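No hydrogens, no waters, no symmetry mates; every other heavy atom, side chains included, goes into these values. Just so you know, these numbers come straight off a predicted model, no measurement behind them. Letters go in sequence order (proteins before strands), and every chain restarts at 1.
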2 protein chains.
Amino acid sequence: MGTTQLESVPEPKYWQLRTVLTEALDSEFSVGEILPNERDLAARFGVARATLRQALEQLELEGRLQRRRGVGTTVAPPRVGVAVGSAQHTWPGAADDAWQPTDCVLAPPPAAVADLLETGRDEPVHTVRRSRTTHIQPVATELLYVPRSSVPALPAIDTPSGAARARAVLRELQRLPLEGQDQSVELGSAGAEDARELDRLPGAPVLLVTTRFHTAGRTAAVSMATYRADTCRLTFGAFGGVEIHHDPQRHAS
Amino acid sequence: MGTTQLESVPEPKYWQLRTVLTEALDSEFSVGEILPNERDLAARFGVARATLRQALEQLELEGRLQRRRGVGTTVAPPRVGVAVGSAQHTWPGAADDAWQPTDCVLAPPPAAVADLLETGRDEPVHTVRRSRTTHIQPVATELLYVPRSSVPALPAIDTPSGAARARAVLRELQRLPLEGQDQSVELGSAGAEDARELDRLPGAPVLLVTTRFHTAGRTAAVSMATYRADTCRLTFGAFGGVEIHHDPQRHAS
DNA sequence: GAGTGGTCTAGACCACAGC
DNA sequence: CTGTGGTCTAGACCACTCA
């Protein structure tokens, strides 16, 4: 008598829960609707709150849910497609781009960036801060590193740090011939600052996009952008406008 | 007397731990080295194991650690750059590509894919399974959906399902003129099957790459690839060979 | 078998939003 | 103030690997 478990545990409870909740979201809930609170949900499914939370975390990671401390858990809208690489490469700051410059300082970049720029590790570069929003939600922050050699005509550094100087640097960049750009995407977690700016908690999953801008055979600038992984689908090419309504948890054939 | 906390909790313990461990990894550990087990580490830092694990999860997400049940926790090597989009677009199955076809069946695709292909929702399409490895580690699995109209010359379906048929479909694809491709990247979690194939646990974070191949103004094929997010850095363009040794947790200027 | 990471529990308290 | 999600604890047991 007394089997080890009712279900012989073929798979963990939080994973079963995730599946059940996914189906419930697909069939019984609509975007923006608020779910019952975690304590009630846990009781309803007969699991500890920690287990229920593990399932909710999965769903938030997949962009199906949005949780806010003090508020509640709501059904998230489909991810927005955010264009990060286009067929016709353009400099950051071009007329059509979606970024808002907020600040600019002259400082030594992180070592990894210095290596990409092939500048000395202690050599200060223009560091432009920008942010990007869709509708009203912040989706990304960026640090754009521009060596002084890329913008030699920039007026003396008497311009105070700030958005004005950021725009000046970007304007000077446009004058260079852009030969091409390389990009890479990887998973990261938001640091305290980025988290605040993206309206998330520290450690929230983000997509880190590194872009190298080339001119005359050398690297003219490097951008390191941090996108909210829960709400964004990064698009390359003409994929921008397309809506994809699939479950990010891949269901094999 | 008795302050609420020793440290007035400006930030959560697991986050402080993450920082401490990151620094320790940078300075005192080398790639492949095994860390003390979780119970010892938790005791050493004076926290519960669950809290310690929260910090380790972060570090694993960032690609700094690798954890294996029954084995232990080791320091992970830097992420490998995996080329997913190149300047000169090529069909899947081209001579140089890194994928290994393993199977092919004719079945109706998920609804989302049917919409992208503009086929009927119940219309069966060739579904090619492929996998991709670097060195000896699996890094990605893929389902490639090819409508029958894209490979009309394919011999009758008497070829048994399997790698041979997969190669036949890919070979036929090469005959079409490739006009271009769109891609999108988003965060997802590995389903049970993918997890097994990628040597991870269900729910492991993955990067979902959707590629649309165009010919003659229509979509000739759709690929949905699942990359291990912990070990991969997806590269677009010539970024392939570059090593980046930065901390995926963005440190602002 | 011993030792590892993975899952789960039942509680407690905290930080935050909104009334 | 109440109610929400976020953090943390101290334990237990399970699944897995390897000697």
Novice: Between dT7(C), dG6(C), dG6(D), which nucleotide gets closest to the side-chain atoms of Arg39(A)?
Specialist: dG6(D)
Novice: Is Arg67(B) near enough to dG6(C) that one of its side-chain N or O atoms lies under 4.0 angstrom from OP1 or OP2?
Specialist: yes
Novice: To the nearest angstrom, how far is Gln66(B) atom CD from dG5(C) atom C1'?
Specialist: 13 Å
Novice: Round to the nearest Å and state the distance from Glu38(A) atom CD to dA12(C) atom C1'.
Specialist: 15 Å
Novice: I'd like to check the side-chain contact (heavy atoms from CB on, under 4.5 Å) partners of Val113(A); sequence neighbours left out, ordered by chain and number.
Specialist: Pro109(A), Pro110(A), Leu117(A), Tyr145(A), Val222(A), Met224(A)
Novice: Looking for any heavy atom pair under 4.0 Å, which part of the strands does Arg68(B) touch: base, sugar-phosphate only, or nothing?
Specialist: sugar-phosphate
Novice: In this structure, how many angstroms lie between the P atom of dG5(C) and the CG atom of Leu201(B), rounded?
Specialist: 13 Å
Novice: State which residues pass side-chain contact (heavy atoms from CB on, under 4.5 Å) with Ala195(A); sequence neighbours excluded, sorted by chain then number.
Specialist: Ala190(A), Pro202(A)
Novice: Quick check on dG5(C): is either OP1 or OP2 less than 4.0 Å from any side-chain nitrogen or oxygen of Thr73(B)?
Specialist: yes
Novice: Determine: side-chain N/O of Asn37(A) to OP1/OP2 of dG3(D), distance under 4.0 Å, yes or no.
Specialist: no
Novice: Report which part of the nucleic acid Leu56(B) touches: base, sugar-phosphate, or nothing (heavy-atom distance under 4.0 Å, all strands).
Specialist: nothing
Novice: Rounded to the nearest angstrom, tell me the gap between atom CD in Glu57(A) and atom P in dG5(D).
Specialist: 13 Å
Novice: What is the separation between atom CZ on Arg53(A) and atom P on dA12(C), rounded to the nearest whole Å?
Specialist: 18 Å
Novice: Are Glu197(A) and Arg129(A) within salt-bridge range, i.e. N to O under 4.0 Å?
Specialist: yes
Novice: Polar-atom pairs under 3.5 Å, protein N or O versus N or O of nucleotides 9-11 of chain D: list them with distances, or write none.
Specialist:
{"residue": "dT9(D)", "atom": "OP1", "partner": "Lys13(B)", "partner atom": "NZ", "Å": "3.0"}
{"residue": "dT9(D)", "atom": "OP2", "partner": "Ala48(B)", "partner atom": "N", "Å": "2.8"}
{"residue": "dT9(D)", "atom": "OP2", "partner": "Thr51(B)", "partner atom": "OG1", "Å": "2.4"}

Novice: Rounding to an integer number of Å, can you tell me how far Leu65(A) CG sits from dT4(D) P?
Specialist: 16 Å
Novice: Do Thr211(A) and Gln183(A) have a side chain donor and acceptor closer than 3.5 Å?
Specialist: yes
Novice: In plain terms, say whether Asp103(B) and Arg165(B) are close enough for a salt bridge, that is, a side-chain N and a carboxylate O under 4.0 Å apart.
Specialist: no
Novice: Got a sec, which residues hit side-chain hydrogen bond (donor to acceptor under 3.5 Å, both in side chains) with Ser223(B), two or more places apart in sequence or on another chain?
Specialist: Glu142(B)
Novice: Starting at CZ of Arg200(B) and ending at C1' of dG5(C), how long is that distance when rounded to a whole Å?
Specialist: 12 Å
Novice: List for me each residue that meets salt bridge (charged side-chain N to carboxylate O under 4.0 Å, His left out) alongside Arg68(A), sequence neighbours excluded, and say none if there are none.
Specialist: Asp199(A)
Novice: What pairs with Arg228(A) under salt bridge (charged side-chain N to carboxylate O under 4.0 Å, His left out), at least two apart in sequence or on another chain?
Specialist: Asp230(A)
Novice: Please list every donor-acceptor pair under 3.5 Å in which a side-chain atom of residues 33-40 of chain B meets a protein atom from a residue at least two apart or in another chain.
Specialist:
{"residue": "Glu33(B)", "atom": "OE1", "partner": "Ser30(B)", "partner atom": "N", "Å": "2.9"}
{"residue": "Glu33(B)", "atom": "OE1", "partner": "Ser30(B)", "partner atom": "OG", "Å": "3.1"}
{"residue": "Asn37(B)", "atom": "OD1", "partner": "Arg39(B)", "partner atom": "N", "Å": "2.9"}
{"residue": "Asn37(B)", "atom": "OD1", "partner": "Asp40(B)", "partner atom": "N", "Å": "2.8"}
{"residue": "Glu38(B)", "atom": "OE1", "partner": "Arg49(B)", "partner atom": "NH1", "Å": "2.7"}
{"residue": "Glu38(B)", "atom": "OE1", "partner": "Arg53(B)", "partner atom": "NH1", "Å": "3.2"}
{"residue": "Glu38(B)", "atom": "OE2", "partner": "Arg53(B)", "partner atom": "NH1", "Å": "3.0"}
{"residue": "Glu38(B)", "atom": "OE2", "partner": "Arg67(B)", "partner atom": "NH1", "Å": "3.2"}

Novice: Atom pairs, N/O to N/O, protein against nucleotides 16-19 of chain D, distance under 3.5 Å?
Specialist:
none

Novice: Using the test salt bridge (charged side-chain N to carboxylate O under 4.0 Å, His left out), find all partners of Arg196(B) that sit at least two apart in sequence or belong to another chain.
Specialist: none
Novice: So does Tyr14(B) get a side-chain nitrogen or oxygen closer than 4.0 Å to the phosphate oxygens (OP1/OP2) of dT7(D)?
Specialist: yes
Novice: Take the protein atom CG of Leu17(A) and the nucleotide atom P of dG6(C), then report the distance between them rounded to whole Å.
Specialist: 20 Å
